[in-house]
Each structure stands twice: as C-alpha cells, then as structure tokens.
Amino acid sequence: MIAAMMTAANLGARVTGWGFIVFTVGSICWSLVGLGSGQTNLLATNIFLTLVNGVGIWRWLGRQRAYEDGGESAKRASRHSSAPTLFTATGIAGMAVVDAEGAALGTAVEALVECADGRISYVVIASGGFGGIDERLRAVPRGQIQFGCDRLIVRLTASAFEQLPALESGDWPDRAPDLARTAA
C-alpha cells in the first residue's frame, strides 16, 4: 500500500522510483513464499512483477531522475547568472496560479504549445473541487498569463476568471479562447 501511494502520488522521479523499490521488496518476499510453499503460480507471478518493478526502478531512479536533475540544475544556475531565469516546461503542470492581486485561483494543469513556432497558446487551469472532484477547468490565453519561477499570474480578476467557460473533460479548444468574445 505504501508503494502504491508513492507511485500514484507522482511526487517526482525519486519518490516514484523508491515506490518501485518497495514494490520490488514485496514481490521478492512473495516469490520466496511461493517457492517455500510450492505455489508455482504465486512464484511465477511475483518473478514477473519483480522484472516489471526493475523496469520502474530503471525508469524513475535512472533516466527520469537524470532528466529532472538536469532541469533543476539549469533552473538553479539561471538564478545566479545574467541569463534569463528558467523553469522547466514540465514544471508548468502543478504550478500555483494567482490573479492579478495575488489571490489563489487554482493550479496549472497543462500548457498547449503551437507546433509551428513553439509558443504557448493557452494554459489550462483547474480551480475549485478537491483531488479532481468537482474541479473546473478553464483555458487562459498566453497573453493573459505572466510566468513566474514558482507561480503563474493571470492578468484577470478572480471574477473575470470565474466567468471564463468551463472546459469539458477531454474536449479542449483547438486555439486560445478569444476573451473579447467570451466577455460579450
């Protein structure tokens, strides 16, 4: 159960990777029980799970951790140099979102990027609800967002943000919403 919570929480490569280590300890122990009790199905299943968990360890404590560490090192270095301050694009999802006055609006879920030029078209922001239950998703055009190192600032009042149409789950627009048309 601990390993399941560690992997399901998606708290970064290290936590997820250690969740797979906990899973591996469990599958090895169950393999030993299967071996000792002559339960070949239990043994075979848990040998397979040990292999799957090994892939999880390699993925999350090897490759993905290296990617996260590289992004974090660039972010840290940019804060101490004359170069523009950086944050990772994957860091947008989960970033806190506030309105122009600093009041909390929600959390960034995703940024949609235009293929032709790599510019962000709009950011989807989740507000309300708890743990994905009864939350509202809204698309905010790039021009209405100021990017900070640890949060996004929406250049709208909280009431103007709340008036944006809610997105249907899995059916997002093909372009940034036209706020002039939305306000009319």
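Numbers for residues simply follow the sequence, beginning at 1.
When every heavy atom of T24 is checked against every heavy atom of G54, the shortest pair comes out as OG1-N, 4.4 Å. Residues Y122 and A139 come closest through the heavy atom pair CD1-CB, 3.4 Å. Annotation for S127 and F161: closest pair OG-CE2, 3.8 Å, computed over non-hydrogen atoms. Here the closest non-hydrogen pair linking V109 and A126 is CG2-CB, 3.5 Å. Across every non-hydrogen atom of A176 and P141, the tightest pair is CB-CB, 4.0 Å. Contact between P165 and R138 at its shortest, heavy atoms only, is O-CG, 3.8 Å.
In this structure, the side chains of L112 and E110 come closer than 4.5 Å at one or more pairs of heavy atoms. Counting only heavy atoms from C-beta outward, the side chains of D171 and L167 never approach each other to under 4.5 Å. Here the side chains of V98 and L105 are not in contact, with every heavy-atom distance at 4.5 Å or above.
Linking ILVMFWY side-chain heavy atoms closer than 4.5 Å, directly or via other members, places V33 and I28 in two distinct hydrophobic clusters. Cluster membership for L11 and V22, using ILVMFWY side-chain heavy atoms within less than 4.5 angstrom, is shared. Under the 4.5 Å side-chain heavy-atom criterion for grouping Ile, Leu, Val, Met, Phe, Trp and Tyr, V97 is connected to V113 within one hydrophobic cluster.
Taken to the nearest 0.5 Å, the OG1 atom of T45 stands 12.0 Å off from the CH2 atom of W30. Atoms CH2 and CD, from W60 and E68 in turn, are 7.5 Å apart once rounded to the nearest 0.5 Å. With values rounded to the nearest 0.5 angstrom, I145 atom CD1 is found 8.5 Å from I92 atom CD1. If you take CD1 on I47 and OG on S27, they are separated by 9.5 Å, rounding to the nearest 0.5 Å. Here CG of L137 is found 6.0 Å from CH2 of W172. Values are rounded to the nearest 0.5 Å. Rounding to the nearest 0.5 Å places CG of N46 at 11.0 Å from CG of N41.
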So R142 and F147, side-chain contact (heavy atoms from CB on, under 4.5 Å) or not? Walk me through it.
-> CA-CA 9 Å; R142 166 64 180 101; F147 288 83; 3.3 Å; yes
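Within a 6.0 Å sphere centred on CD1 of I2, other residues, nucleotides and ligands contribute 12 heavy atoms or fewer. Open room surrounds CZ on R175; 12 or fewer heavy atoms of other groups in view lie less than 6.0 Å from it. Shown here is R136, whose CZ atom has no more than 12 heavy atoms of other residues, nucleotides or ligands within 6.0 Å.
A distance-only check finds no donor-acceptor pair linking the side chain of T16 to the backbone of A13 [under 3.5 Å]. A donor-acceptor pair is defined here as one N or O able to donate and one able to accept, closer than 3.5 Å; no such pair exists between the side chain of R59 and the backbone of Q64.
When each of W18, F20, F23 is checked for a side-chain contact (heavy atoms from CB on, under 4.5 Å) with I57, only F20 meets the rule.
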Result block: side-chain N/O donor-acceptor pairs under 3.5 angstrom for residues 149-158, not counting sequence neighbours:
from : atom 1 : to   : atom 2 : distance (Å)
R155 : NH1    : G143 : O      : 3.0
T157 : OG1    : S159 : OG     : 3.2
T157 : OG1    : A160 : N      : 3.1

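Between R76 and D69, no side-chain nitrogen of the basic residue sits less than 4.0 Å from a carboxylate oxygen of the acidic one, so the salt-bridge criterion is not met.
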